[in-house]
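To keep things clear, I will list the structure first and then write my remarks on it.
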Amino acid sequence: MTAPLPNNLNSADALVLYGESFASRLLLGTSRYPSPQVLENAVQASNPAMITVSLRRQGSSTAESHSGFWELLKKMAVPVLPNTAGCHSPQEVITTAQMAREVFETDWIKLELIGDDYTLQPDTLRLVQTAETLIKDGFKVLPYCTEDLILCQRLVDIGCQAVMPWAAPIGTGQGPLNPYALKLLRDRLKVPLLVDAGLGLPSHACTVMEWGFDGVLLNTAVALAEDPVVMATAFTKAVDAGRAAYLSGAMKPQASAQASTPLVGTPFWHQS
Amino acid sequence: MRVIVNQVEHEVPSQSMISDVLSLIDARPPYAVAVNMNFVPKTDHAKHLLNENDHIEVITPVTGG
């Protein structure tokens, strides 16, 4: 299911996850689009590093409405990142991941272990042990987690080579709710950090990239836009802009004003 | 014997394998299978013997976030 890297990969600033390089710092979800064609167009417009996918019971209404999805995946030829969405126990996660590995022929897994059905926040108390089991089974784990520093550090300690803290609850589009904690993560952790969940606007994505985050993963913000294809493009530009801003070394905010235009030679100065 | 496939009960002959159940429900690739919460690779589908009240999950790719 993985596609060859694009020829225009800028290796100098590629996103590197588990030793693999990606030209884009945007990961895009595939759910909730108005149609498969719109999904395909949005993926084409944004050229994401990976697209997230899932697994559901064959014969269910979900699976039946996705009957052409497998063919579309092959057509799009973008690396896939299967998720364990809907899993509430470590065993569910592990079994789902193993099934995903067989079906999608990839070791990549977005680890979702849900602790609350209203907020869809991760079960932080069992996330680390679950990630460790998957790591030992050879998976490249991208754990969906909260912005808790200790949790993220423990995920790194057991072998996760990247972590994905949320900005806000999945699908809410609220943007980063805890900038302090997210900035602290960036300051303390040296692994790639991708903000996953809760982004709603390209400016949200740009902001976290300006803070030094390595990428973003989003779905609803594009899929539920009135024009998902244009929004996908906007997010791509926002991610690029934020990354460039971070690399360029932005000025530090100052408390007092300082004129940009030189004062010497100002006409009418001291004229009473 | 009784087995449950994707939460639906089925009566199958004793000594049935996973592959027999997949034929019964007309499973179409791509799919993956778990029995009683444990993944069973496709290489074992024709030799994994099922037991009474086994819970079988047959899942297929769908969109995801």
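Numbered from 1 within each chain, the chains take letters A, B, ... in sequence-line order.
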- Message: Measuring only between side-chain heavy atoms, which start at C-beta, is A:Met99 closer than 4.5 Å to B:Ile59?
- Response: yes

- Item | Option in B:Ala32, B:Ala27, B:Pro29 with maximal non-hydrogen atom pairs under 4.5 Å from chain A | B:Ala32

- Message: Please classify the contact between B:Val8 and chain A as side chain, backbone, both or neither, with a heavy-atom cut-off of under 4.5 Å.
- Response: neither

- Message: Side chains of B:Thr63 and A:Ser31 only: does a donor on one sit below 3.5 Å from an acceptor on the other?
- Response: yes

- Task: Just grab all the side-chain hydrogen bond (donor to acceptor under 3.5 Å, both in side chains) pairs involving residues 131-142 of chain A, residues at least two apart or on different chains.
- Result: A:Gln98-A:Asp137, A:Arg101-A:Asp137

- Message: So if I apply the side chain to side chain contact (heavy atoms under 4.5 Å, CB included) rule between A:Arg56 and each of B:Thr60, B:Asn6, B:Val62, which one comes out positive?
- Response: B:Val62

- Query: Is the backbone of B:Arg28 close enough, under 3.5 Å, to the side chain of A:Gln58 for a donor and an acceptor to pair up by distance?
  - Reply: yes

- Look at A:Thr95, A:Asn219, A:Thr96 and state which one has the largest set of heavy-atom pairs under 4.5 Å with chain B. A:Thr95

- Query: Do other residues, nucleotides or ligands put more than 12 heavy atoms under 6.0 Å from the CD atom of B:Glu52?
  - Reply: yes

- Message: So that I can tick it off, tell me whether A:Glu102 and B:Lys42 are bridged by a salt bridge, with the cut-off set at under 4.0 angstrom between side-chain N and carboxylate O.
- Response: no

- Looking at B:Asn38, B:Val40, B:Val5, which one has more heavy-atom pairs under 4.5 Å with chain A than the rest? B:Asn38

- If contact means a heavy atom pair closer than 4.5 Å, which residues of residues 84-94 of chain A contact chain B? A:Ser89, A:Gln91, A:Glu92

- Message: Measuring only between side-chain heavy atoms, which start at C-beta, is B:Pro61 closer than 4.5 Å to A:Val103?
- Response: yes

- Is it true that a side-chain atom of A:Thr52 and a backbone atom of B:Gly64 form a donor plus acceptor pair closer than 3.5 Å? yes

